[in-house]
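Everything numeric here is computed off the predicted structure, so don't read it as measured data.
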Amino acid sequence: MDFELRRAREKLEKEQKERKERARLKLLREKKAKEEAQKQREAIEAAQRSRRIDAAEAQLKADQQMQESLIAGRGIVFYRLLEAVPCQGNGDKIKLPPSCFTELSDQGALDKGPMYFQLSLVHTEDSSSIEDINKEKQGTTHSGVLEFTAEEGSVGLPPHVWSNLFSEGMVKSPLVEVRYVWLPKGTYAKLQPERVGFSDLPNHKAILETSLRQHATLSQGDILTVNYGELVYTLRVLELKPSKSVSVLETDIEVDIVDPFTTSDNIDQHVLLPLAIGSSQSGTVDEGKFVYYKFSIDNGTWEKISSGNSSVEIKLESEIDGGDTDLFISRHPLIFPTRHQHEWSSHDIGSKTLILTSKDKKLGAGSYSIGIYGFKEMTKYNISVTIQDDFNQKVGQQASSSSMSSAGTDTEQCRNCKHYIPSRTIALHEAYCSRHNVVCQHAGCGVVLRMEESKNHIHCDRCGQAFQQVELEKHMKVFHEPLHCPCGIILEKQQMVEHQASVCPLRLISCRFCGDMVQAGSSAIDARDRLRGLSEHESVCGSRTAPCDSCGRAVMLKDMDIHQIAVHQKG
């Protein structure tokens with residue numbers, strides 16, 4: 001009996017424990033479920049708060065951008081995301097789609113004068129490395145507008161804008177943010193050439209001014225490209241006033257050009273080294289390269305030369321050890337003479353001497369450049385410019401000529417060398433001359449040579465010029481090797497020199513209206529301008545108007561002389 005009661009009690013206690021355990025586990029599950037539900041509610045509320053905050057911040061940012069756009073655009077709001085497409089053109093004027101013209105016109109932007117735009121690179125995951133490369137620029141520049149003919153959704157960027165906005169490794173079609181802005185007129189700019197030689201250009205600030213005429217804006221950090229003939233110079237914009245981005249249209253800007261930051265890596269051959277008259281300089285020149293020097297003839301020296309008592313001697317002494325050089329001289333504004341664009345040249349093998357006298361119409365007071373060209377291998381040289389006194393030489397020449405004239409009263413002409421010999425020794429001379437001398441039979445030559453010298457005396461089959469046998473290879477390469485002009489024509493040296501001096505559209509001329517050194521271009525389109533002898537540039541440049549000094553009437557510059565004669569009876 002007691003055994004059964006004990007078993008029943010144990011069974012009851014076990015069941016009670018199991019019920020208590022199930023109840024406890026149920027409470028734990030309910031508590032855990034409540035906690036998870038609470039966490040989910042808190043997460044939902046946090047996400048909602050975050051979205052409300054983001055929405056509020058986005059709205060605030062949009063309001064700020066709208067306000068900034070209103071301030072930057074002086075009441076005009078224009079913003080587009082467009083695909084950048086490269087296009088041809090000079091300067092910084094971009095091409096926009098026609099829809100942009102409609103939007104800007106509706107807001108009255110056309111009535112506010114020239115339009116300027118801020119261009120910013122839209123950085124993506126692929127462009128993060130680009131941003132690291134150019135943190136200073138950060139893919140932002142400014143521009144004007146050329147026309148509204150681009151395809152919808154794209155913006156045409158000329159090379160200047162493209163190079164300032166993107167790095168070299170940029171993708172072909174990046175997205176660009178185009179925003180209308182108002183820019184103040186620039187008053188000051190500090191520029192730094194990226195290589196030496198720009199300050200050597202004659203009137204380099206006028207050349208820079210001509211280049212800036214193709215631009216509407218300047219931004220701090222931009223790279224400005226200036227062309228001078230075949231030479232290209234790049235200048236970095238270091239500082240601008242009154243702001244970091246300015247307009248350069250219809251304004252006078254004070255420009256400071258600081259010295260370039262030169263290193264051993266960016267030194268090139270287009271540098272003019274000073275050379276004083278009466279001194280000499282030594283150096284080396286590599287094959288196919290130039291070394292340039294400059295010297296000046298002042299007014300006092302020119303008076304001495306023009307009187308006929310002195311001459312200019314340019315002497316190039318080369319150390320011949322398998323190498324050879326050529327000598328080229330030019331007068332400014334041609335500051336870097338080349339093999340086919342120069343005033344004077346010498347192609348002799350070894351040392352060379354050029355003597356310039358007052359009889360040469362190209363000589364005068366001014367600045368000159370000397371170009372030493374490495375024709376073959378690396379060559380050591382010594383260059384000097386001296387003023388030679390010709391008075392004593394002339395006295396000696398006059399004395400010798402007078403003695404010859406007095407002795408020429410009883411002379412006979414040698415049948416071999418054609419020289420006039422005294423009659424008493426003519427027989428002896430002819431016997432000796434016929435055995436040791438020979439006359440060159442080439443048409444127009446007739447030079448008398450020693451027998452041993454005649455073997456090396458030859459004439460070019462193409463031009464008939466006489467020289468030594470060892471000079472044939474250099475003569476053919478210098479004078480008869482076809483040369484390619486940048487304008488596309490192919491000529492030999494002599495014809496190329498004449499072509500680039502008077503015909504080539506890429507030759508540099510001094511514009512009679514703006515005074516700048518510019519490319520001549522092709523013939524003027526207008527027939528009257530062609531009759532006046534105006535180049536393509538002068539025809540366009542002369543179409544600008546200026547008030548007449550006498551009557552104040554606006555007259556085209558190229559018609560000003562006719563206006564003065566026809567209206568004011570001047571000239």
Side-chain angles (χ1 to χ4, degrees), residues 195-197 200 229-232 262-275 279-295 313-330 334-356 368-386 453 455-463 465-486 490-497 500:
R195 64 184 179 97
V196 296
D200 290 329
E230 299 179 11
L231 301 179
V232 178
T262 58
T263 63
S264 58
D265 297 333
N266 59 2
I267 295 177
D268 58 31
Q269 60 178 343
H270 289 101
V271 178
L272 289 177
L273 303 175
L275 179 61
S279 63
S280 62
Q281 294 284 346
S282 300
T284 59
V285 59
D286 294 328
E287 181 177 345
K289 299 292 185 180
F290 272 96
V291 176
Y292 289 106
Y293 293 88
K294 63 179 178 181
F295 69 94
E313 181 182 89
I314 299 97
K315 191 172 185 180
L316 175 64
E317 297 177 339
S318 303
E319 295 184 11
I320 299 299
D321 188 15
D324 194 15
T325 60
D326 288 333
L327 179 63
F328 301 97
I329 312 293
S330 69
L334 178 58
I335 61 174
F336 296 112
T338 63
R339 290 183 296 167
H340 46 267
Q341 196 171 18
H342 53 265
E343 304 287 352
W344 304 273
S345 65
S346 176
H347 304 277
D348 297 337
I349 295 178
S351 299
K352 306 162 183 65
T353 301
L354 283 176
I355 298 178
L356 311 181
Y368 294 80
S369 294
I370 301 175
I372 302 174
Y373 177 72
F375 179 79
K376 185 179 181 182
E377 300 184 7
M378 187 181 74
T379 308
K380 295 182 180 180
Y381 64 85
N382 186 71
I383 183 72
S384 62
V385 178
T386 56
E453 294 176 353
K455 299 177 181 178
N456 294 324
H457 179 79
I458 60 173
H459 287 265
C460 176
D461 295 335
R462 302 179 65 172
C463 64
Q465 183 177 343
F467 44 81
Q468 296 295 316
Q469 179 73 40
V470 294
E471 298 175 339
L472 176 61
E473 180 182 358
K474 183 174 183 179
H475 172 82
M476 296 302 295
K477 187 171 183 179
V478 171
F479 289 94
H480 301 299
E481 187 176 85
L483 299 174
H484 295 261
C485 181
I490 301 176
L491 297 170
E492 291 185 357
K493 178 184 182 298
Q494 192 63 32
Q495 292 78 17
M496 182 63 73
V497 172
Q500 293 205 343

Discussion item. More than 12 heavy atoms of other residues, nucleotides or ligands under 6.0 Å from NZ of Lys493: yes or no?
Written reply: yes

Worksheet item: Can you tell me if Thr379 uses its side chain to pair, donor with acceptor, with the backbone of Asp324 under 3.5 Å?
Response: yes

Response to the item:
Smallest heavy-atom separation, Phe290 atom then Thr338 atom, equals CZ-CA, 3.9 Å

Item to complete: Quick one: closest heavy-atom pair of Met476 and Cys460, and the distance?
Response: SD-SG, 4.1 Å

Discussion item. I'd like to know whether Tyr373 forms a side-chain contact (heavy atoms from CB on, under 4.5 Å) with His347, so could you lay out the CA-CA distance, the side-chain angles of the two residues, the decisive distance to 0.1 Å, and finally the verdict.
Written reply: CA-CA 10 Å; Tyr373 177 72; His347 304 277; over 6 Å; no

Worksheet item: Between Lys352 (side chain) and Asp348 (backbone), is there a donor-acceptor pair under 3.5 Å?
Response: yes

Discussion item. To the nearest 0.5 Å, what is the distance between OG on Ser351 and CG on Asn382?
Written reply: 9.0 Å

Practice prompt. Could you pull out the closest heavy-atom pair between Gln281 and Pro274, with the gap in Å?
Written response: NE2-O, 4.2 Å

Worksheet item: Is a side-chain donor or acceptor of Tyr293 paired with a backbone partner of Ser384 at a separation under 3.5 angstrom?
Response: no

Discussion item. Test side-chain contact (heavy atoms from CB on, under 4.5 Å) on Val385 and Ile370; report intermediate values, then the result.
Written reply: CA-CA 10 Å; Val385 178; Ile370 301 175; 3.7 Å; yes

Discussion item. Going by the rule side chain to side chain donor-acceptor pair (under 3.5 Å), which residues pair with Asn456 if we only count those two or more places apart in sequence or in a different chain?
Written reply: none

Discussion item. So does Glu377 get a backbone contact from the side chain of Glu287, meaning a donor-acceptor N/O pair under 3.5 Å?
Written reply: yes

Worksheet item: Does the pair Glu343 and Ile329 meet the rule for a side-chain contact (heavy atoms from CB on, under 4.5 Å), with working shown?
Response: CA-CA 6 Å; Glu343 304 287 352; Ile329 312 293; 5.6 Å; no

Worksheet, complete the sentence: Rounded to the nearest 0.5 angstrom, the SG-CE distance for Cys485 and Met496 is 5.0 Å

Worksheet item: In Å and rounded to the nearest 0.5 Å, what is the NZ to CG distance from Lys294 to Leu275?
Response: 11.0 Å

Practice prompt. Mind checking side chain to side chain donor-acceptor pair (under 3.5 Å) for Ser280 and listing every partner two or more places apart, or none if nothing turns up?
Written response: none

Worksheet item: Which atom names give the shortest non-hydrogen contact between Leu327 and Ile314, and what distance separates them?
Response: CD2-CG2, 4.1 Å

Fill in: For Ser330 against His342, the heavy-atom pair lying closest together
CB-CA, 4.5 Å

Practice prompt. Quick one: do His475 and Cys463 satisfy side-chain contact (heavy atoms from CB on, under 4.5 Å)? Show the steps, please.
Written response: CA-CA 10 Å; His475 172 82; Cys463 64; 3.4 Å; yes

Worksheet item: Say you draw a straight line from OG of Ser346 to CD1 of Ile355; how long is it, rounded to the nearest 0.5 Å?
Response: 11.0 Å

Discussion item. Quick check against the 3.5 Å criterion: does Lys315 have a side-chain atom that pairs as donor or acceptor with the backbone of Thr386?
Written reply: no

Worksheet item: Counting only heavy atoms not in Met378, do more than 12 fall under 6.0 Å of its CE?
Response: no

Fill in: Tyr368: which of Phe336, Phe295, Phe328 passes ring-ring contact (aromatic ring centres under 6.0 Å, His included)
Phe295

Worksheet item: Does some side-chain heavy atom of Ser369 sit less than 4.5 Å from a side-chain heavy atom of Leu272?
Response: yes

